[in-house]
Protein chains: 2
Amino acid sequence: MSPIIDRIKKELIQAGIQPTYQRIQIVKYLMENRNHPTADSIYRDMSAELPTLSRATVYNTVNLLVEKNLLGALNITGTETHYDYYFRDHQHFLCIRCGRIYDISVDCSLMQKKVPEIDGHRVDEIYGYMKGLCVHCRKRENQ
Amino acid sequence: MSPIIDRIKKELIQAGIQPTYQRIQIVKYLMENRNHPTADSIYRDMSAELPTLSRATVYNTVNLLVEKNLLGALNITGTETHYDYYFRDHQHFLCIRCGRIYDISVDCSLMQKKVPEIDGHRVDEIYGYMKGLCVHCRKRENQ
DNA sequence: GTTATTGCAAAATATTTGCATTATA
DNA sequence: TATAATGCAAATATTTTGCAATAAC
């Protein structure tokens, strides 16, 4: 068995997730496609190789991975949710022109270290993102 | 004319928005209801007083206000968009138990001052939010 | 009087659910 | 063999759109 598949299997089992063929393939896809795909884009891309795959399985799987903290969910566009498998220690930038999402590193104590409590609320997760015009669109438009 | 209505009218005109009755009333609602309503909750609440109001008008209006930078849009839950009329200089906290959204002040240079550029991308807007267990749910559950 | 906005219903989009079939432990 | 996951279709939820009626300048 491929060492990548084996590693994914172990990771899923450790998280308490049954490592089915579909789940392993979806995780493999997420590891290989770091362009912040949506559930539907994962489904469409993977359908070529895995024609029996269903949207429901993709949605079930990404929801499960997010719940078990193996996958990051990004609600940055306001429409679909984008996913990020290597989601720790970076934030995101959405280009308002082309819609691409970029990984960015922000030097901000809030983002780097966990704030345990604020106004009495227990803080479990911290999210940060930015919107603007990306480097490619700036070049194209001279802005 | 009420001074509040008059102020809203001026604000809309200044932003280049025609101050129709529905738009003024929606802005008035947003000023008086700072619990981060959704388009649908605005529609449902306002329907009692304004039975002819339509969902389309609410959606049109909030989209227009966001576009003209008079209203903040929050995609924090992953489902519906929540709105915040006084959206400057604070961030948000979502309780994973009760779903309430709280305003919080975060001492973070990233949030306080605008970063003009990062990795070559032009930064127009910066968002930050947190998720966890709110002070009320913590008390109830002793967590 | 012309242009813009509203309201309604239908459409579009994103996601979830019920349930029979299939795979996993 | 019992339990859990998959796949399909239908359902649900959120938001947008087309268009006739109405309101604003």
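Fair warning: this is a prediction, and the values are worked out from it, not measured in the lab. Chain A is the first sequence line, chain B the second, and so forth, proteins listed ahead of strands; every chain is numbered from 1.
What separates CZ of R23(A) from P of dT24(C) is a distance of 11 Å, to the nearest Å. In this structure, Y43(A) atom OH and dT13(C) atom C1' are separated by 16 Å, rounded to whole Å. Going from atom CG of L64(A) over to atom P of dT17(C) covers 14 Å, rounded to whole Å. Between the CD atom of Q18(A) and the C1' atom of dA23(C) there is a distance of 9 Å, rounded to whole Å. The distance between atom CD of Q25(B) and atom P of dT5(C), rounded to the nearest whole Å, is 17 Å. We find that CD1 of I24(B) is positioned 13 Å from C1' of dT5(C), with the value rounded to whole Å. Atom CD1 in I26(A) sits roughly 7 Å away from atom P in dT6(D) (whole-Å rounding). Note: CG (N75(B)) to C1' (dT13(C)) measures 15 Å, nearest angstrom.
Checking the phosphate oxygens (OP1, OP2) of dG7(C), a side-chain nitrogen or oxygen of T57(B) falls inside 4.0 Å. Residue Q22(B) places at least one side-chain N or O closer than 4.0 Å to OP1 or OP2 of dG7(C). Dashed line: the shortest gap from a side-chain N or O of T52(A) to OP1 or OP2 of dG7(D) is under 4.0 Å. Listed pair N60(A) / dT16(C) fails the phosphate criterion, with no side-chain N or O lying under 4.0 Å from OP1 or OP2. For N63(A), no side-chain nitrogen or oxygen approaches OP1 or OP2 of dT15(C) to under 4.0 Å. For dA4(C), neither phosphate oxygen OP1 nor OP2 lies less than 4.0 angstrom from any side-chain nitrogen or oxygen of T20(B).
Nearest heavy-atom pair across A39(A) and Y83(A) is N-CE1, 3.9 Å.
Listed candidates were dT6(C), dT15(C), dT6(D). Nearest to the side chain of R55(A) is dT15(C). Listed candidates were dA5(D), dG7(D), dA9(C). Nearest to the side chain of L53(A) is dG7(D). Checking dT17(C), dA9(C), dT24(C) against the side-chain heavy atoms of A56(B) singles out dA9(C) as nearest. Among the nucleotides dC25(D), dT14(D), dG7(C), the one closest to the side chain of Y59(B) is dT14(D).
Residues K68(A) and E11(A) are not paired through a salt bridge, judged by the lack of any N-O separation under 4.0 Å between the basic side chain and the carboxylate. Under a 4.0 Å N-O distance rule, the pair E117(B)/R138(A) qualifies as a salt bridge.
If Y21(B) and S54(A) are placed on DNA chain D by their nearest nucleotide, the residue sitting closer to the 5' end is S54(A).
As judged by a 4.0 angstrom heavy-atom cut-off over every strand, T81(B) is placed among residues touching the sugar-phosphate backbone only. At the heavy-atom level, D40(A) lies nowhere under 4.0 Å from the strands shown.
The aromatic rings of Y129(B) and Y129(A) sit perpendicular, their planes meeting at an angle over 60°, well past the 30° parallel limit. Between H92(B) and H36(B), the ring planes are perpendicular. Angles over 60° get that label, and only those under 30° would be called parallel.
D6(B) contributes no side-chain N or O that, together with a main-chain N or O of S2(B), makes up a donor-acceptor pair within less than 3.5 Å.
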